[in-house]
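Have a look at the structure below before the remarks.
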Amino acid sequence: KLVLRHKEKVRNLVFLTLGNVDYIDDISQDVFISAFNNLRDFRFESKFSTWLYRITVNKCRDYLRKKKVRSIFTPLQEDIHHSAVRMRPESMDIPAI
């Protein structure tokens, strides 16, 4: 029942985190196996879905670490950040209303 209830949300979170459809099923399966194996550690201090989604995010991070892939959660490089900071609205040619 838990898999049927949460499967699509887990799959969507994996896709949104990784942006790659190739590994959705594998990582989603790992999430549910991990949840099943660690169900005794769930302390009912939060909703089950919150706990399950935390496992999902951790599995996605593990995947990214193993593949040495940058995710959308990776901070911008410093030089990119500095150039973005230099673009202030007052320097843009925006007509006054």
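Note that the coordinates shown come from a computational prediction; the quantities given were computed from them, not determined experimentally.
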Just distance, no hydrogens or angles: give the donor-acceptor pairs under 3.5 Å from side chains in residues 23-33, sequence neighbours left out.
| unit_1 | atom_1 | unit_2 | atom_2 | d |
| --- | --- | --- | --- | --- |
| D25 | OD1 | R11 | NH1 | 2.2 |
| S28 | OG | I24 | O | 2.7 |

Applying ring pair (Phe, Tyr, Trp, His ring centres under 6.0 Å) to F36 and not counting sequence neighbours gives none

Sequence neighbours excluded - side chain to side chain donor-acceptor pair (under 3.5 Å) pairs with any residue from residues 38-52: S34-N38

As a quick check of understanding, evaluate side chain to side chain contact (heavy atoms under 4.5 Å, CB included) for R54 and N58, giving each step before the final call. CA-CA 6 Å; R54 174 51 45 198; N58 289 339; 3.7 Å; yes

When rounded to the nearest 0.5 Å, the distance separating CG of L16 from OG1 of T56 is 11.5 Å

For R5, give me all partners under side-chain contact (heavy atoms from CB on, under 4.5 Å), at least two apart in sequence or on another chain. L2

Could you give me the CA-CA distance, side-chain angles and deciding distance for L39 and F48, then say whether side chain to side chain contact (heavy atoms under 4.5 Å, CB included) is met? CA-CA 10 Å; L39 199 54; F48 177 79; 3.9 Å; yes

Which residues pass the salt bridge (Lys or Arg N to Asp or Glu O under 4.0 Å) test with D62, not counting sequence neighbours? R65

What are the two closest non-hydrogen atoms of T17 and C60, and how far apart are they? CG2-CB, 3.6 Å

Does Y53 belong to the same Ile/Leu/Val/Met/Phe/Trp/Tyr cluster as L4, with side-chain heavy atoms less than 4.5 Å apart forming each link? no

